[in-house]
Visitor: 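Please see the structure below; I have some questions.
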Amino acid sequence: MNLLPAIVIGGPPHSGKSVLAYSLSQALRQCKVQHYVLRAYPDGEGDWANQAKQELVRAIRIKGVGSPEWVQRICRDIDRRHLPLIVDPGGKPTAWQEAIFDYCTHSILLWPDAASREVWRSMFYRHSLTAIADLQSDLRGVNAIADASTILQGTLAGLERGQMASGPAFDALVERICGLFAYAPDDLRKRHIRQSPAELVLELERLGRTLDALDATEEWQPQCLPATLDYLPPAVPLGLYGRAPNWLYAALALFAYPESLCQFDVRLGWVSPPLLCVAQPAEEALLQATIHHQADHLRIEFALRESYLDYGEADGLCIPPIPPDTGVVLSGKLPQWMWTAIALAYRSAHWLGIYQPKLHDKAVIIKSDDARLAVGQLVRSPVCK
């Protein structure tokens, strides 16, 4: 039995679950509490949905469908978690999707009306989840605590995408979760790092602070990438550990090549990037790619056919060939280990960039043989609609 807590945030669609999950994660990061937010439904959202401009979010958000096989894999991931989890299960779980709750330990209920409150309370009761909070989501209401005893009750107001939760009920909720997730961060970190197959493990959040490469919200800054690479020994086996953007993981994979790379995944533990084939993907392939021709580069949009890619099925997947002397920007919602795999497969590109929604219409250059473009530079690569 996994003793690390896994908290479900439950409530109907548009009740503010994703905003609350993002806000909680940001607050927990400020408190140095190790955790992971698992979006347990393929709705295409993540931190970027709160960080990017909302018109861009509406343009690129993908609504997926959770199959029984998808739910089975998510349950497996929750069961073998390596960090405390906050789980967003989506707003309309079916009876078979409720299996996710059997692998969780606690619940936060977020409800806009009495009817939805009863539906979700009954659902959580059926799966024996320990209630942490029972909170009304009122877009135009007033933030307040109604009862701070065993189960926190009150109102969270203004949970709109692009905003941050705040107020006394939110602060009290953060405090309770900090207490529940009160595993000594160093103990978890040391346990994970001891398990690494690589002798040199880069703890990315610590590295960012050492190099002054993080902004006020402790996010990595692209312009610091050249100094980061200069700081590290080249072409040695590396282990990557901790929260960092996809462009940093991909750049470090290229930096380590041809030596081995392993990376810590909160669902899987330590993994290596799968080996991909550069060939035209089949129409029914698990990993789909669409090529868009921009004025001075190709933009390749990747998508998962079933919104979930099992690591064990990734070796041998195909990605489309690219012409020589061509710049490439990569985009899509993929696991971190797939970003490193694709970067390695495209290491011969004239230049290579990784798109992130929070940078709006720009991508970060992670590799360049073009004298006009430097690693860490931003290039414009508009979203293709």
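The analysis underlying the following values was restricted to heavy atoms, covering all of them including side chains, and did not include hydrogens, waters or symmetry mates. Here, residue 1 is the first one in the sequence, and each next residue gets the next number.
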Visitor: Looking only at the side chains, is there a donor atom on one of T155 and N143 sitting less than 3.5 Å from an acceptor on the other?
Guide: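 Side-chain D/A pair, T155 to N143: absent.
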Visitor: Measure the CG-CG distance between L352 and L254 for me, rounded to the nearest 0.5 Å.
Guide: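 L352 atom CG to L254 atom CG measures 6.5 Å (nearest 0.5 Å).
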Visitor: Evaluate the side-chain contact (heavy atoms from CB on, under 4.5 Å) criterion for residues L225 and W220: first the C-alpha distance (whole Å), next the side-chain angles of each, then the deciding distance (0.1 Å), finally the verdict.
Guide: CA-CA 9 Å; L225 183 54; W220 273 85; over 6 Å; no
Visitor: Which heavy-atom pair separates A169 from L156 by the least distance, and what is that distance?
Guide: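 Looking at all heavy atoms of both residues, the closest pair is CB-CD2, 4.0 Å.
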Visitor: Might you work through the side-chain hydrogen bond (donor to acceptor under 3.5 Å, both in side chains) test for D370 and S368, ending with a clear yes or no?
Guide: CA-CA 5 Å; D370 189 325; S368 179; 5.5 Å; no
Visitor: Could you verify whether a donor N or O on one side chain and an acceptor N or O on the other, from Q263 and T340, lie under 3.5 Å apart?
Guide: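 The answer is yes; a qualifying pair exists.
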Visitor: Measuring from M338:CE to I319:CD1, what's the distance to the nearest 0.5 Å?
Guide: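 Result: 9.0 Å between the selected atoms.
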Visitor: Quick check: is L214 connected to Y231 through a chain of hydrophobic side chains (ILVMFWY, heavy atoms under 4.5 Å apart)?
Guide: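 Both belong to a single hydrophobic cluster.
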Visitor: Measure up the Y311 and W337 rings against each other and bin them: parallel (under 30°), tilted (30 to 60°), perpendicular (over 60°).
Guide: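 Perpendicular, since the angle between the ring planes exceeds 60°.
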Visitor: Before you tell me yes or no, could you show the steps for N246 and Q356 under side-chain contact (heavy atoms from CB on, under 4.5 Å), namely the whole-Å CA-CA distance, both residues' side-chain angles and the distance that decides it to 0.1 Å?
Guide: CA-CA 8 Å; N246 53 2; Q356 261 207 346; 3.2 Å; yes
Visitor: Count I, L, V, M, F, W, Y as connected when their side-chain heavy atoms are under 4.5 Å apart, and connections chain through other members. Are L304 and I291 then in the same cluster?
Guide: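 Yes, same cluster.
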Visitor: Looking at side-chain heavy atoms only, is the closest gap between I86 and I9 below 4.5 Å?
Guide: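 Contact flag for I86/I9 side chains = yes.
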Visitor: Is it true that a side-chain atom of R117 and a backbone atom of A114 form a donor plus acceptor pair closer than 3.5 Å?
Guide: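 Looks like no, no N/O pair under 3.5 Å.
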Visitor: Give a yes or no answer on whether the side chain of D265 reaches the backbone of G269 with a donor-acceptor pair at less than 3.5 Å.
Guide: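 Absent.
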Visitor: Going by atom types only, do Y36 and R81 share a side-chain donor-acceptor pair under 3.5 Å?
Guide: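 No donor-acceptor contact under 3.5 Å links the two side chains.
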Visitor: Evaluate T326 against H297 for side-chain hydrogen bond (donor to acceptor under 3.5 Å, both in side chains), listing each step before the verdict.
Guide: CA-CA 6 Å; T326 301; H297 67 274; over 6 Å; no
Visitor: For the CD atom on Q72, are there more than 12 heavy atoms of other groups (residues, nucleotides or ligands in this structure) within a distance under 6.0 Å?
Guide: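 12 or below, so no.
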Visitor: Tell me whether L275 is reachable from V278 by hopping between hydrophobic residues (I, L, V, M, F, W, Y) whose side-chain heavy atoms are closer than 4.5 Å.
Guide: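 No.
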Visitor: Would you please indicate if the ring centroids of W270 and H192 are separated by under 6.0 Å?
Guide: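 No, the ring centres sit 6.0 Å or more apart.
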Visitor: Decide side-chain contact (heavy atoms from CB on, under 4.5 Å) for L317 and L286; before the verdict, give the C-alpha distance in whole Å, the side-chain angles of both, and the deciding distance to 0.1 Å.
Guide: CA-CA 8 Å; L317 289 177; L286 296 174; 4.3 Å; yes
Visitor: Could you check whether atom CD of Q195 has more than 12 heavy atoms from other residues, nucleotides or ligands sitting under 6.0 Å from it?
Guide: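 More than 12 heavy atoms, drawn from other residues, nucleotides or ligands, come within 6.0 Å of this atom.
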Visitor: Can you tell if the side chain of I366 reaches within under 4.5 Å of the side chain of V375, non-hydrogen atoms only?
Guide: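 Side-chain contact under 4.5 Å: no.
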Visitor: Any side-chain donor paired with an acceptor under 3.5 Å for S331 and E301?
Guide: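 Yes, E301 and S331 have a side-chain donor paired with an acceptor closer than 3.5 Å.
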Visitor: Please determine if R189 and E205 form a salt bridge, counting it only when a charged side-chain N lies under 4.0 Å from a carboxylate O.
Guide: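 No salt bridge links R189 with E205.
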Visitor: Could you tell me whether the side chain of E203 and the main chain of V201 form a donor-acceptor pair under 3.5 Å?
Guide: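 Such a contact is absent between E203 side chain and V201 backbone.
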Visitor: Can you tell me how far the CG atom of L248 sits from the CD atom of Q336, to the nearest 0.5 Å?
Guide: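 Here the rounded value is 8.5 Å.
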Visitor: Counting only heavy atoms not in Y103, do more than 12 sit closer than 6.0 Å to its OH atom?
Guide: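 It does not: Y103 OH has 12 such atoms or fewer within range.
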Visitor: Testing the basics here: between H360 and Y355, what is the closest heavy-atom pair and its distance to 0.1 Å?
Guide: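 Where H360 meets Y355 most closely, the heavy atoms are O-OH, 2.8 Å.
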Visitor: Using a 4.5 Å cut-off on heavy atoms from C-beta on, say whether the side chain of P233 contacts that of L200.
Guide: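 A side-chain contact exists here, since the closest heavy-atom pair is under 4.5 Å.
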Visitor: Looking at every heavy atom in both A157 and V142, which two are closest together, and how far apart are they?
Guide: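 Nearest heavy atoms, A157 then V142: CB-N, 4.2 Å.
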Visitor: For a quick test of reading the model, state the closest non-hydrogen atom pair linking L83 to L4 and the distance between them.
Guide: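 Closest pair (atom of L83, atom of L4, distance): N-CD1, 3.6 Å.
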Visitor: Hey, mind stepping through S116 and S15 against side-chain contact (heavy atoms from CB on, under 4.5 Å) and telling me if it holds?
Guide: CA-CA 10 Å; S116 62; S15 56; over 6 Å; no
Visitor: Measuring from D77:CG to D310:CG, what's the distance to the nearest 0.5 Å?
Guide: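 Reported value, rounded in 0.5 Å steps: 8.0 Å.
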Visitor: Is Y249 close to L240 at the side-chain level, that is, under 4.5 Å between some pair of heavy atoms?
Guide: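 The answer is yes, as the side chains (C-beta and beyond) meet within the 4.5 Å cut-off.
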Visitor: Angle class for the F264/Y241 ring planes (parallel below 30°, perpendicular above 60°, tilted otherwise)?
Guide: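 Tilted.
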Visitor: Quick one: pull up CG in D296 and CZ in R372 and give me the separation to the nearest 0.5 Å.
Guide: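 So the CG of D296 and the CZ of R372 are separated by 7.5 Å.
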Visitor: Below 4.5 Å, heavy atoms only, C-beta onward: do R380 and D361 meet side chain to side chain?
Guide: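 Heavy-atom side-chain distance check passes, below 4.5 Å.
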Visitor: Please confirm whether the backbone N or O of S381 pairs with a side-chain atom of R299, one donor and one acceptor, at under 3.5 Å?
Guide: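 It does hold such a pair.
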Visitor: In terms of the angle between their ring planes, are F101 and H127 parallel, tilted or perpendicular, with boundaries placed at 30° and 60°?
Guide: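 Ring orientation of F101 relative to H127: perpendicular.
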Visitor: So do E218 and R243 actually touch side chain to side chain, heavy atoms under 4.5 Å?
Guide: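 Result no, sub-4.5 Å side-chain heavy-atom pair not found.
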Visitor: Would you mind reporting whether I145 and Q153 have side-chain heavy atoms less than 4.5 Å apart?
Guide: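 The answer is no; the side chains never approach within 4.5 Å.
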Visitor: Quick check: is V236 connected to L202 through a chain of hydrophobic side chains (ILVMFWY, heavy atoms under 4.5 Å apart)?
Guide: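 Yes, L202 and V236 fall within the same hydrophobic cluster.
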Visitor: Show the nearest heavy-atom pair for residues L129 and C104, with the distance to one decimal.
Guide: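 Between these two residues, the closest heavy atoms are CD2-O, 3.4 Å.
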Visitor: Check whether any side-chain heavy atom of D147 lies under 4.5 Å from a side-chain heavy atom of L152, and answer yes or no.
Guide: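 Counting from C-beta outward, D147 and L152 never come under 4.5 Å.
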Visitor: Could you report the tightest heavy-atom contact between P12 and P112, atom names first, then the distance?
Guide: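 In this case the closest contact between P12 and P112 is CG-CD, 3.4 Å.
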Visitor: Apply side-chain hydrogen bond (donor to acceptor under 3.5 Å, both in side chains) to S18 and R161, showing your working.
Guide: CA-CA 8 Å; S18 295; R161 193 180 287 116; 5.7 Å; no
Visitor: Say whether F170 and I151 are linked into one hydrophobic cluster, either directly or through other cluster members, by side-chain heavy-atom distances under 4.5 angstrom.
Guide: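 Different clusters: F170 never reaches I151 through Ile, Leu, Val, Met, Phe, Trp or Tyr contacts under 4.5 Å.
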Visitor: If I take atom CG from residue L85 and atom CZ from residue R267, how far apart are they, to the nearest 0.5 angstrom?
Guide: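 Rounded to the nearest 0.5 Å, the CG-CZ separation comes out at 9.0 Å.
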Visitor: Counting distance only, does the side-chain N/O of Q377 pair as donor-acceptor with the main-chain N or O of A374 below 3.5 Å?
Guide: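 Indeed, once roles are kept as given, a pair shorter than 3.5 Å links the two residues.
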Visitor: Is it the case that the side chain of K367 and the backbone of A251 share a donor-acceptor pair, with hydrogens and angles ignored and the cut-off at 3.5 Å?
Guide: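 Here the side-chain-to-backbone pair does not exist.
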Visitor: Within the distance-only criterion (no hydrogens, no angle test), does the side chain of Q30 pair as donor or acceptor with the backbone N or O of S25 below 3.5 angstrom?
Guide: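 Absent.
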Visitor: Would the distance check show the side chain of Q97 and the main-chain N or O of V71 forming a donor-acceptor pair, the cut-off being under 3.5 Å?
Guide: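 Between the backbone of V71 and the side chain of Q97 there is no qualifying donor-acceptor contact (under 3.5 Å).
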